[in-house]
Undergrad: 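Structure in structure tokens, see below.
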Amino acid sequence: MSYDNPYTRAPPVKNAASSSLGASNPLHGWLPRKVYAKQVREAMDGDVNPFTQQPLSESYKKILQARKKLPVFAQMEEFLKMFSENQIIVMVGETGSGKTTQIPQFVCFSDLPHTKGKMIACTQPRRVAAMSVAKRVADEMDVQLGKQVGYSIRFEDMTESGTTFMKYMTDGMLLREAMNDPELSRYSTIILDEAHERTLSTDILMGLLKALAKRRSDLKIIVMSATLDALKFQKYFSVSTDGTPAPLFKVPGRTHPVEVFYTQEPEPDYVEAAIRTVLMIHRAEDPGDILLFLTGEEEIEDACRKIKLEADDLMNQDPDSVGPLVCIPLYSSLPPQQQQRIFDPAPPARTPDGPRGRKVVVSTNIAETSLTIDGIVYVVDPGFSKQKVYNPRIRVESLLVSPISKASAQQRAGRAGRTRPGKCFRLYTEKDFMTELEEQTHPEILRSNLANTVLELVKLGITDLVRFDYVDAPAPETLMRALELLNFLAALDDDGKLTHLGSIMAEFPLDPQMAKMLIVSPEFRCSNEVLTIVAMLSVPNVWIRPPNQRKEADAAKAMLTVPEGDHLTLLNVFNNYMQNKHDKNWAWNNYLSVRALVQAENVRSQLLRIMERFELDLVSTDDQRKLYIGVRQALCCGFFMQVAHKEGEKGAYLTVKDNQVVALHPSCGLETQPEWAIYHEFVLTTKPYIRTVTDVKPEWLLEFAPQYFDMSAFPDGETKRALVRVQSKRARKFEVANGNSKPSDRPVKKARK
DNA sequence: GAGCACTGC
């Protein structure tokens, strides 16, 4: 042993199981966090499951043999020593090292969380990963999933209180837990996996955990990442004031080499070049499947058509040397059944001795992290992806086709080497790779609207948002924009303190505008309807519009459209879906996505539970006219900062205050162009559009958002003149009717003009 | 008269 004998340092901790079973418990006498690899190996090789006292199964023993071959297994001793001696560890492990499954188990053996009523958490950016890894680890530990080993994701808590001590979960879920228990007192060790992906939640968790580690000396933290980011995290989690980096634990991967090729000259048309490269591989390279990265659905479907045509041509011209090629599109909005096609085997040769078939998967970034396809030998990387960008000046998030980072290019190349040595064709020059590509993709926190995040942080008790210890600090303007919005919504007071309303808003997994709208909706007697609308706005687009059936799809949509606004149309769609549940084909016949509608049902019931918790009543009325007006008014209470005013007769709109020229999105179902329109999102595609739009009355805006529509602080222009006209008209009316009473003092329910 | 990179609560 190269470190002190741990037995001399601390008394044994009472082992819950050992009290009754005594020495038959393999963990008897073990000291938490003072455990040797030798002990662990003996326990693993024994006949009794140390965590359940049950006999270990044959399948356990079989899996154990495979686990022992993982690179990380050879480093158990080194890991346990580092874990014993440090509070925070940064760990790098390439793909295939086994870190996600093995390290948490090593921690279980060392930390013995079950003996102290604690848990080990291991966070993942994605739900499927949390679920599938938990399943795998439950098998490896020979326990039932949901007992000692479980997972926790939105809509599904697969854990058992008091039994589960190893919990895989989404990073967002741990953040939610932190909002109600800032000390994260249920956990003795927290492992942040895939930290290099830098999701918003992971970034916030890193900030929280760094501070928490100082308060809770008993808490251990492991940050797992890809190699390139390790030093940054080591420095960030520096343990002492002199800046000594946190210790690094390194595990080699188990992948095959990938040969990388670059183009001689930059390619002016990357889609064309990509198609050409795919066909070149098909004609000239050894058998093996191809993965091509493109940026979006349309580009992918288009490329698939072209590849198919050209490949068929090639095969017909030269059937003796060119085999069949099957082209499979892959992007997230594809139905799961079609996504499964990526796992189909390559097509067989057309004749017994003919050339072998090949499969090409044409994918978005989804194949870079979320999905792995075995058998890929060739990767074609044009070097672009759609990325979210946020412009705080005009408060707009949009998707832009942008060059990828070096880290991303490396990840893409790695996809070729999972089963055997592969090749990666980069459709840019080596010089461009070296000089033009950024090292890392900018973390999400630098590219997002932070309204949600800021509300979460305030709820977490972070008072000084600007000086919070971020791994990468967002632009001050982005924070200001978020604070401003939350202040207008009355979630934060003028000192930036959380209001009672704000603390309820933070409990809803919704954007603050939607949370506000939902919370006020009982006052408008329409919370039942607003709840539905908010759920529908939280799921992917429900409308399906197949390229060859556009007319039919549009006609079906017209049947469900409510002329006063798209929000009401969403309500109508959901209600019709619920009424027609007996008819399995209803959604399909109406060109609607069943998947999205089922998701909306799920979200709706989750939100309803939260409403019940805060005693927000579910109310409605039979008078549809009143109901629709109530919904539109509630909408104004949340989205008053997203209003556009029609300018002139040509259909041009200007956003209120920001004065952006926008057009109604063609998907908009409004009967006429209203003078004042509230919109759910601003999208920047071929030109600036506002999407999901509802007709509102200017009086409502003045009434329900007086601070925002304070004319003394309003930019001059046609919008202001129109609002001032409305205001003076109202004032005259109220003077005539009520003497001096100011409109804003009137109760909400009498607000209708 | 157009889209929906990808996640997550």
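Sequence lines set the chain letters: A, B, ... in the order given, protein chains first and strands last, and positions in each chain run from 1. Because only heavy atoms are used, hydrogens play no part in the values below, and waters and symmetry mates are left out as well, while side chains stay in.
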Undergrad: Examine distances only and state if a side-chain atom of Arg415(A) and a backbone atom of Ala367(A) form a donor-acceptor pair shorter than 3.5 Å.
TA: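 A pair under 3.5 Å: yes.
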Undergrad: Under 4.0 angstrom, heavy atoms only, what part of the nucleic acid is Asn541(A) near: base, sugar-phosphate, or nothing?
TA: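 Base, at least one base heavy atom under 4.0 Å.
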Undergrad: Counting any heavy atom closer than 4.0 Å, what does Thr199(A) reach on the DNA or RNA strands: base, sugar-phosphate only, or nothing?
TA: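 Thr199(A): no heavy atom of the nucleic acid under 4.0 Å.
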Undergrad: Give one of base, sugar-phosphate or nothing for Glu297(A), where a contact means two heavy atoms less than 4.0 Å apart.
TA: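 Base: the residue Glu297(A), judged by heavy atoms under 4.0 Å, touches a nucleobase.
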Undergrad: Would you indicate what Thr369(A) reaches in the nucleic acid, counting non-hydrogen atoms under 4.0 angstrom: base, sugar-phosphate, or nothing?
TA: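 Nothing: the residue Thr369(A), judged by heavy atoms under 4.0 Å, touches no strand.
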Undergrad: With a 4.0 Å cut-off on heavy atoms, is Phe508(A) in touch with a base, just the backbone sugar-phosphate, or nothing at all?
TA: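 Result for Phe508(A) = nothing.
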Undergrad: Within the supplied structure, the quantity of interest is the number of heavy atoms (other residues, nucleotides, ligands) at a distance under 6.0 Å from Glu298(A) CD; does it exceed 12?
TA: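 Check fails, neighbour count at 12 or below.
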Undergrad: Heavy atoms under 4.0 Å, any strand shown: does Ile366(A) hit a base, just sugar-phosphate, or nothing?
TA: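 Result for Ile366(A) = sugar-phosphate.
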Undergrad: Base, sugar-phosphate, or nothing for Ile153(A), non-hydrogen atoms under 4.0 angstrom?
TA: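 Sugar-phosphate contact only.
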Undergrad: What is the nucleic acid contact for Arg198(A), judged by heavy atoms within less than 4.0 Å: base, sugar-phosphate only, or nothing?
TA: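 It contacts nothing in the nucleic acid.
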Undergrad: Under the 6.0 Å and 45° cation-pi test, does Arg426(A) pair with Phe433(A)?
TA: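 Yes, Arg426(A) lies over the aromatic ring of Phe433(A).
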Undergrad: When you compare the side chain of Glu681(A) with that of Ile690(A), does any pair of heavy atoms fall below 4.5 Å?
TA: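 With C-beta onward as the side chain, the pair stays apart.
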Undergrad: Are any of the side-chain nitrogens in Lys459(A) or Glu507(A) under 4.0 Å away from the carboxylate oxygens of its partner?
TA: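 Looking at Glu507(A) together with Lys459(A), the answer is yes, because their closest N to O distance falls below 4.0 Å.
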Undergrad: Remember a base hit wins even if backbone is also touched, and classify Thr364(A) as base, sugar-phosphate or nothing at under 4.0 Å, heavy atoms.
TA: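 Sugar-phosphate only.
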Undergrad: Would you mind telling me which residue lines up with the more 5' stretch of DNA chain B, Arg545(A) or Ser538(A), judged by nearest nucleotide?
TA: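 Comparing both residues, the 5'-ward one is Arg545(A).
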Undergrad: Give one of base, sugar-phosphate or nothing for Ser201(A), where a contact means two heavy atoms less than 4.0 Å apart.
TA: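 No contact.
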Undergrad: Categorize Arg154(A) for me: base, sugar-phosphate, or nothing, with a 4.0 angstrom heavy-atom threshold over every strand shown.
TA: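 Result for Arg154(A) = base.
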Undergrad: Kindly assign one of parallel, tilted or perpendicular to the pair Phe614(A) and Phe508(A), based on the angle between their ring planes and the thresholds 30° and 60°.
TA: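 Ring orientation, 0 to 90° scale: tilted.
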Undergrad: So where does chain A start and stop touching DNA chain B, 5' to 3', when the test is distance under 4.0 Å to a non-hydrogen atom?
TA: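 So the outermost contacting nucleotides come out as dG1(B) to dC9(B).
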Undergrad: Which class fits the ring pair His665(A) and Tyr689(A): parallel under 30°, tilted 30 to 60°, perpendicular over 60°?
TA: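 Answer is perpendicular, since the angle exceeds 60°.
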Undergrad: Using the closest heavy atom to pick a nucleotide of DNA chain B for each, name whichever of Ser370(A) or Leu510(A) lands nearer the 5' end.
TA: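 Residue closer to the 5' terminus by nearest nucleotide: Ser370(A).
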